[in-house]
Undergrad: 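To start, I am sharing the structure in question, which I have written as structure tokens.
These figures come from a predicted structure and were not determined experimentally.
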Amino acid sequence: QVQLVESGGGLVQAGGSLRLSCAASGRTFSNYNMGWFRQAPGKGREFVATIRSTGTSTYYQDSVKGRFTISRDNANNMVYLQMNSLKPEDTAVYYCASSRYSGRTNRIAPSDYDYWGQGTQVTVSS
């Protein structure tokens with residue numbers, strides 16, 4: 001059974017930083033791309049960032065480019081999202097997700113991902 005467990009969310013002031021972690025188990029982690037999504041109250045789930053199975057390629061939503069960095073540690077089945085220069089509009093529940101695919105990183109629809117964590121709340125105060 002595949003499990004994804006996020007941690008690291010919290011309350012931070014605008015301009016601050018947080019690092020989200022996601023621990024994966026139940027499938028060969030290094031065979032699949034991984035992604036982060038977020039969902040704000042009253043809005044749909046939106047793509048944030050994705051990383052290739054090998055860790056050699058990443059892709060970001062335009063609004064987080066230059067502020068967020070996705071990374072992975074295949075030896076320990078972990079994926080991370082370093083978030084800097086946080087803004088109030090980054091407030092959301094953040095979800096870790098395991099893709100159905102490896103390879104190219106421009107698969108960013110939620111339907112491209114078949115396993116999801118429970119989410120971790122990130123709140124950015126102004």
Side-chain angles (χ1 to χ4, degrees):
Q1 182 179 356
V2 177
Q3 281 195 315
L4 301 174
V5 180
E6 302 98 334
S7 60
L11 173 64
V12 64
Q13 287 189 329
S17 298
L18 283 174
R19 188 194 196 205
L20 305 183
S21 299
C22 174
S25 62
R27 74 185 336 182
T28 304
F29 179 74
S30 59
N31 285 354
Y32 300 93
N33 294 359
M34 295 292 294
W36 287 95
F37 288 75
R38 65 187 180 187
Q39 187 164 13
K43 296 188 176 181
R45 193 166 295 190
E46 68 170 357
F47 165 77
V48 175
T50 186
I51 186 166
R52 191 167 181 158
S53 56
T54 56
T56 55
S57 179
T58 58
Y59 187 76
Y60 297 91
Q61 181 199 111
D62 284 348
S63 69
V64 307
K65 282 181 183 177
R67 299 189 299 122
F68 290 12
T69 303
I70 187 171
S71 61
R72 66 190 295 162
D73 176 356
N74 283 349
N76 292 296
N77 292 356
M78 297 291 296
V79 63
Y80 305 98
L81 186 69
Q82 177 67 44
M83 305 186 295
N84 299 327
S85 302
L86 282 160
K87 304 175 181 180
E89 52 264 43
D90 295 318
T91 295
V93 177
Y94 282 71
Y95 297 91
C96 171
S98 180
S99 175
R100 303 176 190 275
Y101 309 104
S102 61
R104 60 185 178 93
T105 52
N106 60 349
R107 290 188 174 100
I108 61 172
S111 59
D112 291 329
Y113 295 77
D114 52 358
Y115 293 100
W116 296 81
Q118 82 288 350
T120 185
Q121 177 71 46
V122 172
T123 303
V124 184
S125 63
S126 57

Undergrad: Could you state the interatomic distance from CZ (Arg72) to OG1 (Thr54), rounded to the nearest 0.5 Å?
TA: 7.5 Å
Undergrad: Suppose we screen for salt bridge (charged side-chain N to carboxylate O under 4.0 Å, His left out). Which residues come up paired with Lys65, at least two apart in sequence or across chains?
TA: Asp62
Undergrad: Quick one: does any side-chain atom of Glu6 pair with a main-chain N or O of Gln118 as donor and acceptor, under 3.5 Å?
TA: yes
Undergrad: Return the minimal non-hydrogen interatomic distance between Asn77 and Asn74, and the atom names on each side.
TA: OD1-O, 3.3 Å
Undergrad: Might you work through the side chain to side chain contact (heavy atoms under 4.5 Å, CB included) test for Thr50 and Ser99, ending with a clear yes or no?
TA: CA-CA 9 Å; Thr50 186; Ser99 175; 5.9 Å; no
Undergrad: Which atom names give the shortest non-hydrogen contact between Ser71 and Val79, and what distance separates them?
TA: O-CG2, 3.1 Å
Undergrad: Please enumerate all residues that pass side chain to side chain donor-acceptor pair (under 3.5 Å) together with Ser126, with sequence neighbours excluded.
TA: none
Undergrad: Say whether Ser17 and Asn84, considering side chains only, have a donor N or O and an acceptor N or O under 3.5 Å apart.
TA: yes
Undergrad: In chain order, what residues pass the salt bridge (charged side-chain N to carboxylate O under 4.0 Å, His left out) check against Asp114, with sequence neighbours excluded?
TA: Arg27
Undergrad: Nearest 0.5 Å please: distance from the CD1 atom of Ile70 over to the CG atom of Leu20.
TA: 10.5 Å
Undergrad: What pairs with Arg19 under salt bridge (charged side-chain N to carboxylate O under 4.0 Å, His left out), at least two apart in sequence or on another chain?
TA: none
Undergrad: Kindly say whether Asn106 contributes a backbone atom to a donor-acceptor pair with the side chain of Asp112 at under 3.5 angstrom?
TA: no
Undergrad: Under the rule for side chain to side chain donor-acceptor pair (under 3.5 Å), what residues qualify as partners of Ser25, not counting sequence neighbours?
TA: none
Undergrad: With disulfide (SG to SG under 2.5 Å) as the rule and sequence neighbours excluded, what pairs involving residues 88-126 come up?
TA: Cys22-Cys96
Undergrad: Looking at residues at least two apart in the chain, or sitting in another chain, which of them share a side chain to side chain contact (heavy atoms under 4.5 Å, CB included) with Gln39?
TA: Arg45, Tyr95
Undergrad: Roughly how far, to the nearest 0.5 Å, is the CE atom of Met34 from the CG atom of Leu81?
TA: 11.5 Å
Undergrad: Quick one: disulfide (SG to SG under 2.5 Å) pairs with a partner in residues 47-90, sequence neighbours left out?
TA: none
Undergrad: With sequence neighbours left out, what residues match Leu18 under side chain to side chain contact (heavy atoms under 4.5 Å, CB included)?
TA: Val12, Met83, Leu86, Val122
Undergrad: Could you state the interatomic distance from OG1 (Thr91) to CD (Gln121), rounded to the nearest 0.5 Å?
TA: 7.5 Å
Undergrad: Can you see which heavy atom on Trp36 is nearest to which on Ser21, and at what distance?
TA: CH2-O, 3.7 Å
Undergrad: Could you list the residues that satisfy side chain to side chain contact (heavy atoms under 4.5 Å, CB included) with Val64, not counting sequence neighbours?
TA: Arg38, Val48, Tyr60, Gln61, Arg67, Phe68
Undergrad: Sorted by first residue and then second, give each ring-ring contact (aromatic ring centres under 6.0 Å, His included) pair with at least one member in residues 105-126; sequence neighbours left out.
TA: Phe37-Tyr113, Phe37-Trp116
Undergrad: Which pair of non-hydrogen atoms, one from Ala92 and one from Ala40, has the smallest distance, and what is that distance?
TA: CB-N, 3.8 Å
Undergrad: Could you check whether any side-chain N or O of Arg107 sits under 3.5 Å from a backbone N or O of Asn33, counting only pairs where one atom can act as donor and the other as acceptor?
TA: no
Undergrad: Who else is in Tyr80's hydrophobic cluster (ILVMFWY, side-chain heavy atoms under 4.5 Å, direct or via others)?
TA: Met78
Undergrad: Please indicate whether Tyr59 has more than 12 foreign heavy atoms, meaning atoms of other residues, nucleotides or ligands, lying under 6.0 Å from its OH.
TA: no
